[in-house]
Amino acid sequence: MQPGNKCASDALLNDFSIYVQPINYPTVPRGSERLRLTPSPLHTDAMIDGLAAALTQVFDRLSIRKAA
């Protein structure tokens with residue numbers, strides 16, 4: 001079984017102190033699991049850049065396909 005969004009969510013929290021909520025079955029169909037990102041006006045451009053870099057590292061490490 002391939003690592004999924006729960007593993008990615010855990011890695012983001014443990015490795016980067018970034019909380020991202022995983023959305024899993026039965027909320028979404030199996031195979032379409034995703035991460036819920038909730039930016040606010042208090043998040044700076046640097047924080048968003050850090051999130052993008054952290055997501056790239058975690059997705060690459062876990063071999064998670066990136067999709068729009």
Side-chain angles (χ1 to χ4, degrees):
M1 184 173 173
Q2 184 175 338
N5 62 344
K6 176 67 171 112
C7 292
S9 178
D10 290 345
L12 287 165
L13 184 59
N14 294 330
D15 300 345
F16 299 96
S17 299
I18 297 172
Y19 176 73
V20 176
Q21 183 178 6
I23 309 300
N24 299 306
Y25 176 85
T27 304
V28 296
R30 281 192 173 94
S32 68
E33 294 83 0
R34 55 202 72 174
L35 298 173
R36 177 176 289 148
L37 303 172
T38 310
S40 79
L42 300 177
H43 290 100
T44 65
D45 289 343
M47 293 168 117
I48 300 300
D49 291 343
L51 170 63
L55 283 168
T56 298
Q57 287 183 39
V58 168
F59 278 33
D60 288 347
R61 184 172 72 221
L62 296 175
S63 299
I64 296 174
R65 183 179 64 89
K66 299 168 194 81

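Counting begins at 1 with the first residue of the sequence.
- Both L37 and L12 belong to a single network of hydrophobic side chains, linked directly or stepwise wherever heavy atoms of I, L, V, M, F, W or Y lie under 4.5 Å apart.
- Using a 4.5 Å heavy-atom cutoff, the side chains of F59 and R65 are not in contact.
- When side chains are defined from C-beta on, L51 counts as touching I18, because their heavy atoms get closer than 4.5 Å.
- Looking only at side-chain heavy atoms (C-beta outward), I23 and E33 stay at 4.5 Å or farther from each other.
- No more than 12 heavy atoms of other residues, nucleotides or ligands sit less than 6.0 Å from atom CG of D45.
- With hydrogens and angles ignored, the 3.5 Å screen pairs a side-chain donor or acceptor of R34 with a backbone N or O of S32.
- Without hydrogens or angle criteria, S9 side chain to V20 main chain gives a donor-acceptor distance under 3.5 Å.
- Hydrophobic clustering keeps F16 apart from I48 (ILVMFWY residues linked when any side-chain heavy atoms are closer than 4.5 Å, directly or through intermediates).
- Looking only at side-chain heavy atoms (C-beta outward), T56 and D60 come within less than 4.5 Å of each other.
- A heavy-atom distance below 4.5 Å is found between the side chains of L55 and L35.
- Within a 6.0 Å sphere centred on CZ of R61, other residues, nucleotides and ligands contribute more than 12 heavy atoms.
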